[in-house]
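Working notes, structure below.
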2 protein chains.
Amino acid sequence: MAKKLYRGALTTIILALLKERGELYGYEIVQEVKKRTEGEWAITEGALYPALHKLEGVGHVTVTYREYKNRTRKYYRLTEQGRAEEANLQAEMESFLQSMHALLNPKWT
Amino acid sequence: MAKKLYRGALTTIILALLKERGELYGYEIVQEVKKRTEGEWAITEGALYPALHKLEGVGHVTVTYREYKNRTRKYYRLTEQGRAEEANLQAEMESFLQSMHALLNPKWT
DNA sequence: TGACAATGTCTAAGTAATTTAGGTATATTT
DNA sequence: AAATATACCTAAATTACTTAGACATTGTCA
């Protein structure tokens, strides 16, 4: 059974993958997440595509269309802004992990 | 500036604190989170109280009213079910951390 | 003493990320 | 031939949360 992906983490994941890989198309992101988490997470397309469109809308990614076996792939790539945002979200995620650690493993009572 | 608390984490936090402390009242939870995360997280009461009521509704916590200086405190305590749920959410959080790690620090490309 | 902050509870409207449940079309596998 | 995989999409419903209040008592400080 697929585990919970906390709300707000999806964009962080997308941007992190794009930063690492340079360029990915939507369906590829779904497969990549599934593979890397060994099936723990299944990103739904109903969440992914609107998230990608929003990222495009705010200028964090750009799109290139490429044909492959009669199907169109939309490749996404980080803009400069997107690269900055990726750093922000990465920092936020680390802060989250730290705070979570402080809460669940307290040093002082 | 207060950082993001990913959606879905609030209940995990509440149950974890109750497990550790045995008994807490709502306002105390707000203070405790603020203290432990050194101000990083500010749980809003508009989120906390409904969450507590929901936990009570599904039988994960019980309530005891206590008076203190003319003000009523509602103390929450885990039920057996709540204790089980706490373990589930804790496991889910750990799974999240692992998956997040796998995504952001991949071993294989 | 008068005002403002802190303590302590609550709710209701609005927001936004997600789930659910579809749709369309081609390629590949069984 | 039918089902699955690939590849994109959207719209309605859900839901956890934010915002913005309400109410009452106690503590603090000018």
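Within every chain, numbering begins at 1; the chains are lettered A, B, ... in the order of the sequence lines, protein sequences first and strands thereafter.
In this structure, A/Asn70 places its CG atom 14 Å from C1' of C/dT28, rounding to the nearest Å. In this entry the distance linking NZ of A/Lys34 with C1' of D/dA7 reads 13 Å, nearest Å. Rounding to whole angstrom units, CH2 of residue B/Trp41 and P of D/dT18 are separated by 12 Å. B/Glu67 places its CD atom 11 Å from the P atom of C/dT9, with the value rounded to the nearest Å. What separates CD1 of A/Ile13 from C1' of C/dT18 is a distance of 13 Å, to the nearest Å. Per the geometry, CZ belonging to A/Arg73 stands 8 Å off P belonging to D/dC8, to the nearest Å. Regarding A/Leu89, its CG atom lies at a distance of 14 Å from the C1' atom of C/dA17, rounded to whole Å. Whole-Å rounding puts the B/Tyr75 OH to C/dT7 P distance at 14 Å.
In this structure, CG in B/Leu103 is found 8.5 Å from CD in A/Glu32, a value given to the nearest 0.5 Å. With rounding to the nearest 0.5 angstrom, the CG atom of B/Leu89 is 12.0 Å from the NZ atom of B/Lys19. Here CD1 of A/Ile43 is found 6.0 Å from CD1 of A/Ile14. Values are rounded to the nearest 0.5 Å.
Put simply, A/Tyr27 has no side-chain N or O that comes within less than 4.0 Å of OP1 or OP2 on D/dA5. For the pair B/Lys69 and C/dG8, the criterion of a side-chain N or O lying under 4.0 Å from OP1 or OP2 is not met. Between D/dA7 and A/Thr72, no contact under 4.0 Å exists linking OP1 or OP2 to a side-chain N or O.
A heavy-atom distance below 4.0 Å to DNA chain D is reached by these residues of residues 49-65 of chain B, ordered by number: B/Lys54.
A side-chain donor-acceptor contact under 3.5 Å links A/Arg73 and A/Tyr75.
Comparing atom distances between the B/Tyr25 side chain and each of C/dT20, C/dG8, D/dT6 picks out C/dG8 as nearest. Nearest nucleotide to the A/Arg7 side chain, out of D/dT18, D/dC8, D/dT15: D/dT15.
Criterion: ILVMFWY side-chain heavy atoms under 4.5 Å apart, direct or through other members. Under it, B/Leu52 and B/Val63 are part of a common hydrophobic cluster. Criterion: ILVMFWY side-chain heavy atoms under 4.5 Å apart, direct or through other members. Under it, B/Ile13 and A/Leu97 are part of a common hydrophobic cluster.
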Protein-nucleotides 21-25 of chain C N/O pairs closer than 3.5 Å?
none

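Between A/Gly26 and B/Ala47, the residue whose closest nucleotide on DNA chain D is further toward the 5' end is A/Gly26.
Using a 4.0 Å cut-off between charged side-chain N and carboxylate O, A/Glu67 and A/Lys74 make no salt bridge. The pair A/Arg21-A/Glu28 meets the salt-bridge criterion, since a charged nitrogen lies less than 4.0 angstrom from a carboxylate oxygen.
Aromatic ring centres of A/Phe96 and B/Tyr6: separated by under 6.0 Å.
Counting only distance, with no hydrogens or angles, the side chain of B/Ser99 and the backbone of A/Thr37 share no donor-acceptor pair below 3.5 Å.
Within 4.0 Å (heavy atoms only), B/Leu5 reaches no atom of the nucleic acid at all.
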